[in-house]
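Below you'll find the structure, written out as structure tokens, and then a few comments.
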2 protein chains.
Amino acid sequence: MLTEAPPKLIGAVAKKSGLPVKTIRYYDEIGLLKTAGRTEGGYRVFAGDVFTRLGFIRRAQSLGLTLAEVKEFLEVHDQGDLPCSHIQVKLEEKLIEIEEKIQQLQLLRQELSGLLTGWQSTVAKTDEAICPIIES
Amino acid sequence: MLTEAPPKLIGAVAKKSGLPVKTIRYYDEIGLLKTAGRTEGGYRVFAGDVFTRLGFIRRAQSLGLTLAEVKEFLEVHDQGDLPCSHIQVKLEEKLIEIEEKIQQLQLLRQELSGLLTGWQSTVAKTDEAICPIIES
DNA sequence: CTTGACTCTCTAGACGACTGGAGGGTTTAG
DNA sequence: CTAAACCCTCCAGTCGTCTAGAGAGTCAAG
């Protein structure tokens, strides 16, 4: 019972991934998606792994990586068997950057939770609190 | 032997922090810096904690926070004794986000180092490697 | 008092990452 | 065959984060 997988069109991908159609087209335009070709009518057809890919993109992006950087990684992934030391070094550098980021995030967390506990102690002191600044 | 601290002008801050003068002015403009007033001639004068502040800004920013978010945190810090639950909740949410980010970074690290080890095994297999794609 | 380094404001431009809309082709249900 | 729901390209606009330059004021050294 093997039925032909129906071609995933951009609308379906958008709905399932939660991203706007426009954004997906944009990602495709700048070469992040390696679309699985087009239909006869010229519609983009996407492979099954597009969701993994989109997930990766969004995750990386939300962590401060640019789409250009993301693209590099994806290219490495796509032609995975090209261990040129040039790119390998670049990847290793990126990994170090990421580890630094993790540490920075942990520091930031400390700082913010410092704000919070500072507050809490203030709350304890003042026993009641009203916020005089509510903007928007 | 208490001498008056000399007023830190923007150029000195730029030099010491490594940021361009323009950027610092920009940060001031959007309210990130709470400059310690101006000289008679209209020059910005910065307090000693400006470097801590700039450090915080850059760190947070490099982790994907917007300057608007950074600004919120700094405002909390500046008027630290306002434990209004509205903002407190916001901060807690941010903390959770940050913890998620840490996890995502760890995932990303895994993925990237997966690329790397994938490579390494390929290297082991092919024993020699040349990179056919050197762009720029 | 002049010169040079520094500062100011203001306006405009750049770049990344979208987002909206016009104008038009494709596909499918009735 | 037509209408609705998709999809396409192309072009322009937006938002955030700077960055460049013009024109002008400030300040310390000589």
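Two residues, B:Thr39 and B:Thr66, neighbour DNA chain D, and the one matched to the more 5' nucleotide by heavy-atom proximity is B:Thr66. If A:Gly42 and A:Pro20 are placed on DNA chain C by their nearest nucleotide, the residue sitting closer to the 5' end is A:Pro20.
OP1 or OP2 of D:dC18 sits under 4.0 Å from a side-chain N or O of B:Tyr27. Between A:Arg25 and D:dT9 there is no side-chain polar atom (N or O) within less than 4.0 angstrom of OP1 or OP2. Dashed line: the shortest gap from a side-chain N or O of A:Arg44 to OP1 or OP2 of D:dC7 is not under 4.0 Å.
Atom CD of B:Glu29 and atom C1' of C:dC8 are 12 Å apart (whole Å). Note: CG (A:Leu9) to C1' (D:dC6) measures 8 Å, nearest angstrom. Between the P atom of D:dC15 and the CG atom of B:Leu67 lies a distance of 16 Å, rounded to the nearest Å. Rounded to whole Å, atom C1' of C:dT7 lies 15 Å from atom NZ of B:Lys15. Between the NZ atom of B:Lys22 and the P atom of C:dC10 there is a distance of 13 Å, rounded to whole Å. Atom pair A:Arg38:CZ and C:dG25:P shows a separation of 16 Å (rounding to whole Å applied). Rounded to an integer number of Å, the gap from CD1 of B:Ile10 to P of D:dC27 is 16 Å. Taking atom CG on A:Leu19 and atom C1' on C:dA17, their separation rounds to 13 Å, with Å as the unit.
For D:dC27, its base never sits under 3.5 Å from the side chain of B:Tyr43 at any donor and acceptor pair. On a pure distance criterion of 3.5 Å, no polar donor-acceptor pair joins the side chain of A:Tyr26 and the base of C:dG16.
No engagement by B:Ile30 is indicated, since no non-hydrogen atom pair under 4.0 Å with the nucleic acid exists.
Contact check on B:Lys94 versus B:Glu72 returns no salt bridge, with no Lys/Arg side-chain nitrogen under 4.0 Å from an Asp/Glu carboxylate oxygen. Looking at A:Lys34 and A:Asp49, a side-chain N of the basic residue comes within less than 4.0 Å of a carboxylate O on the acidic one, giving a salt bridge.
Set against D:dT9, D:dT17, C:dC8, the side chain of B:Gln61 has D:dT17 as its closest nucleotide. Side chain of A:Thr23, nearest nucleotide from C:dA17, C:dT19, C:dC8: C:dT19.
In this structure, A:Ser17 contributes its side chain and A:Val13 its backbone to a donor-acceptor pair below 3.5 Å. A donor-acceptor pair under 3.5 Å is formed between the side chain of A:Lys101 and the backbone N or O of A:Leu63.
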* To do: Apply the test salt bridge (charged side-chain N to carboxylate O under 4.0 Å, His left out) to residues A:Asp78 and A:Lys71: give CA-CA distance (whole Å), side-chain angles for both, the deciding distance (0.1 Å), then the verdict.
  => CA-CA 10 Å; A:Asp78 291 346; A:Lys71 189 179 176 188; over 6 Å; no
